[in-house]
4 protein chains.
Amino acid sequence: MHDIKPSSHAAKRSTSGRGGYDPELTRQNILAIATKEFAEKGYSGARVDEIAAQTNTSKRMIYYYFEDKEGLFVAVLEDAYRRIRQIEATLDLGGLEPEAAIRALVGFTFDYQNSNEDFIRLVMVENIHQGVHLARSRAIQELNVSVINTLRGIYERGVKDGIFRKGIDEIDLHMTISALCFFNVSNRATFSQIFKRDMASADMLAKRRETVIDTVIRYLKK
Amino acid sequence: MHDIKPSSHAAKRSTSGRGGYDPELTRQNILAIATKEFAEKGYSGARVDEIAAQTNTSKRMIYYYFEDKEGLFVAVLEDAYRRIRQIEATLDLGGLEPEAAIRALVGFTFDYQNSNEDFIRLVMVENIHQGVHLARSRAIQELNVSVINTLRGIYERGVKDGIFRKGIDEIDLHMTISALCFFNVSNRATFSQIFKRDMASADMLAKRRETVIDTVIRYLKK
Amino acid sequence: MHDIKPSSHAAKRSTSGRGGYDPELTRQNILAIATKEFAEKGYSGARVDEIAAQTNTSKRMIYYYFEDKEGLFVAVLEDAYRRIRQIEATLDLGGLEPEAAIRALVGFTFDYQNSNEDFIRLVMVENIHQGVHLARSRAIQELNVSVINTLRGIYERGVKDGIFRKGIDEIDLHMTISALCFFNVSNRATFSQIFKRDMASADMLAKRRETVIDTVIRYLKK
Amino acid sequence: MHDIKPSSHAAKRSTSGRGGYDPELTRQNILAIATKEFAEKGYSGARVDEIAAQTNTSKRMIYYYFEDKEGLFVAVLEDAYRRIRQIEATLDLGGLEPEAAIRALVGFTFDYQNSNEDFIRLVMVENIHQGVHLARSRAIQELNVSVINTLRGIYERGVKDGIFRKGIDEIDLHMTISALCFFNVSNRATFSQIFKRDMASADMLAKRRETVIDTVIRYLKK
DNA sequence: TATGAATGAGGTTTCATTCAT
DNA sequence: CATGAATGAAACCTCATTCAT
């Protein structure tokens, strides 16, 4: 699971022994820094100069590899989506009972999103920009959203077992799960302030995690 | 309910006798345009020049009334929060049975958020900026979040009536409602693209509205 | 005739007595410098920074008045064409015999082009760019090319008087005149080098002027 | 006559035995592409990167063969001048009567310039740059301008035959011919737009060709 | 109160050129 | 000979903000 941190590759050296060029390394290094900056400051707020300054390379290389700021942002988005899709694809909940499987799946989603704030924030940023970069990215359009299949498999087993209600749409269900997990990270700043409650504390997180799982289960069960 | 559109007052002249300028009108006009711009392009993406150009007045006035871009954004946020708090405060669900009251409350929340995309987007923008402007605004800090009291009233009646479970925290409940309603608007762009499903269509909205209400009710009931 | 030098306005102060703002003055000042730079170095070779540096104002103002480098170039072109068209329009050759009138017109054209190298060079630059800026300029498209009417008037008188041949097209004639006058300035650098003859010397200019006039007259006469 | 197109050799392999690289071929390939780019966009407007991209080889080779951008441009100019001088040298008009010879020579010049727009444009570009590259090129300085001798020969025959006037300078005559032919290509873009007449149409070209020849003949004849 | 003009700092991007392999 | 990666300087342009009237 060490693959999911954006900076994971940047630290390693490639196979070429010496300290010379390594395009992939350079690319990854830029991407890692850019991910952080775009997530922190939004698309317009992020500065190519600042990204470059934190990089092992120069501003010029950003344009060499990514064409322009927008190209860089698209690459960052692609990278972030690719990572989560990869992880989702490796989730194996086949051995669990339907209810336990849903609990595991929702719990995992909650945890992943909670510990990958950058990803959540990039998605927010992209939504602020009406999804134009996503639309432009062929790579993202082609990513298979395997979690829907996983969800369908579990749900159907649950229905057959007689513990889940019939007639629920998987995408709708996925949306409920996403909404509950996403909001906890995305709206942390405003919600915490307005309700004077630190939503990022371990205590609150644990409680909220239970509520989310519970909410989904109650929605599914007869 | 036409009061909630930010631009509602901007076109009319105020009651001030002289044919001259009306400061409050000017302020409202600027706010209305700025709301649209910040909601559409984010804080950094919005341009003071563009806001001024769409205004009935000049750029100088923006600085005169709001000090700087940040001051303008804070005012926009305050205005947006004030509007929703005002509306929430007028909600009178006392005459309804607890379940019906929750259904009405959730339905209202869903509808309000759905038809006030600008508000949702401003909240997203503020979260991208870690809530710093909210923190700076005394006005927002002092706004009473009456919906929590409303919610508590209904919930307690429901518990007393024996139809709702005990032990549920109102803020946690409010968060569930918010999350489910908010996501539908905030993540529309990316979700629609990834799942090839137009989340803004009347059909989808009606279905989703039902799911959201249903989810909350099932979470509450014994 | 002091109006034709691009810098002629820049030196004077406008009517507003004090040293304050004068947009038209600023515009003219920028245009004058830009004319010189574009004429000297071509479109791509000219530097906005260098133009700004020679100006009484700043680079920012160039963008304020002319939008971008291209807008500045279009304005420069428009200005240059407007000047020559204005002068052509004031030419009054009605009192002269047809042959004398043609001699005066060609002589004037030769002299004007020779002493307005900037204009010639701007036209060269625009031709290198396939005339795209000209095409974009509504102002230039609408300039009336009065010289054609002047030419027609003289030519028709000459035909009636029996000294000019019939069947000559005025635009074709104008083209001959232009070509002969233009080349002398436009190709001075390469021609002088290749033929080891200084085409800008007073002696050469006088001789060439005679040749050009003579060539046109011989072409026209029976 | 297919030799005059700059790209004619570029596609073929040279005679050098091995299957490997052919320096002369590479050079020619680069020159052909560079000619097109410089002619199309001017010196500053042309991009070394774009030239390299269209080449069969890489950017490094441009620097290897031509030192820098300026060296490349000088080589392009030299190549273009060498081609036209070569062709002029092969013109054999000895068998023709003086007037016919002049007609042939002017017609040829008109046609050559018309179908070698790249050459015309390179000369324009060089003139915009005040001929500095030409001055730097020893090769061009040493090229013999045989057309002057050709012209002198014909002219003197014409004078002896009593059909041409005395006292005409060959270089001046050459300049008239050049001006009339050159302008038709060099100023096509602006002239066509201003006079709403397509100077590149077959019809216009034919008429203009006649005018040019006629103009020169009338200038020469008694 | 209102406005068009002005500004400096800094933003994104491009360019000719060179390096490492 | 050949190439993809790298670079620093400088190009064009934009932004929030202030000034002069």
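A note on names: the letters A, B, ... follow the listed sequences, proteins ahead of strands, and every chain is numbered from 1. None of these values were measured; they are calculated from a predicted model.
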K.L.:
Could you tell me whether the side chain of D:Asn29 and the main chain of D:Thr55 form a donor-acceptor pair under 3.5 Å?
P.N.:
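Not a single qualifying donor-acceptor pair exists.
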K.L.:
Would you kindly give the CG-to-P distance between D:Asn29 and F:dA2, to the nearest whole Å?
P.N.:
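Result: 11 Å.
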K.L.:
Salt bridge between A:Asp118 and A:Lys36, side-chain N to carboxylate O under 4.0 Å?
P.N.:
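Looking at A:Asp118 and A:Lys36, the cut-off is not met.
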K.L.:
Please convert DNA chain F into dot-bracket. A pair counts if it is Watson-Crick or G-U wobble with both distances under 3.5 Å; crossing pairs go in [ ] and bases paired with another strand get |.
P.N.:
.||||||||||||||||||||
K.L.:
Name the nucleic acid region contacted by A:Tyr65, choosing base, sugar-phosphate or nothing; use a 4.0 angstrom heavy-atom cut-off, strictly under.
P.N.:
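Here A:Tyr65 touches the backbone only, sparing every base.
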K.L.:
Picking from C:Glu70, C:Glu78, C:Glu67, what satisfies salt bridge (charged side-chain N to carboxylate O under 4.0 Å, His left out) with C:Arg136?
P.N.:
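That would be C:Glu70; it is the only one of C:Glu70, C:Glu78, C:Glu67 passing the salt bridge (charged side-chain N to carboxylate O under 4.0 Å, His left out) with C:Arg136.
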K.L.:
Return whichever of C:Met61 or A:Asp68 has its heavy-atom-nearest nucleotide of DNA chain E closer to the 5' end.
P.N.:
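Taking each residue's closest nucleotide, the earlier one in sequence belongs to C:Met61.
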K.L.:
Mind listing the N/O atom pairs, protein and nucleotides 8-11 of chain E, below 3.5 Å?
P.N.:
residue : atom : partner : partner atom : Å
E:dG8   : O6   : C:Arg60 : NE           : 3.3

K.L.:
For B:Glu67 and F:dT17, what is the distance between atoms CD and P respectively, to the nearest whole Å?
P.N.:
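In whole Å, F:dT17 P lies 9 Å from B:Glu67 CD.
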K.L.:
Between C:Glu24 (CD) and E:dA5 (P), how many Å, whole number?
P.N.:
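So the CD-P distance, C:Glu24 to E:dA5, works out to 10 Å.
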K.L.:
Quick one: is A:Thr26 getting a side-chain N or O under 4.0 Å of the F:dA6 phosphate, OP1 or OP2?
P.N.:
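It does, given that an N or O in the side chain of A:Thr26 lies less than 4.0 Å from OP1 or OP2 of F:dA6.
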K.L.:
Working to the nearest 0.5 angstrom, can you tell me the gap between A:Asp79 CG and A:Ile140 CD1?
P.N.:
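Here the rounded value is 9.5 Å.
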K.L.:
Calculate the interatomic distance between B:Ile51 atom CD1 and F:dT17 atom P; express it in whole Å.
P.N.:
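The distance from CD1 of B:Ile51 to P of F:dT17 comes to 11 Å, rounded to the nearest Å.
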K.L.:
Provide, to the nearest angstrom, the distance between the CD1 atom belonging to B:Ile62 and the P atom belonging to F:dA16.
P.N.:
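Distance, rounded to whole Å: 10 Å.
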K.L.:
In this structure, are over 12 heavy atoms from other groups packed under 6.0 Å from C:Tyr65 atom OH?
P.N.:
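Result for OH/C:Tyr65: enclosed.
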K.L.:
When rounded to the nearest 0.5 angstrom, what distance separates OG1 in B:Thr35 from CD1 in B:Ile30?
P.N.:
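One gets 11.5 Å once the value is rounded to the nearest 0.5 Å.
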K.L.:
Quick one: is the NZ or CZ of B:Lys69 closer than 6.0 Å to the six-membered ring centre of B:Tyr43, and within 45° of its axis?
P.N.:
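That pair qualifies as a cation-pi contact.
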K.L.:
As a test of reading the structure: which of F:dA6, F:dC12, F:dA16 is closest to the side chain of A:Tyr64, going by heavy atoms?
P.N.:
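Within the option list, the nearest is F:dA6.
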K.L.:
OP1 or OP2 of F:dA6 versus the side-chain N and O atoms of A:Thr57: is any pair under 4.0 Å?
P.N.:
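So the side chain of A:Thr57 is outside the cut-off, no N or O lying under 4.0 Å from OP1 or OP2 of F:dA6.
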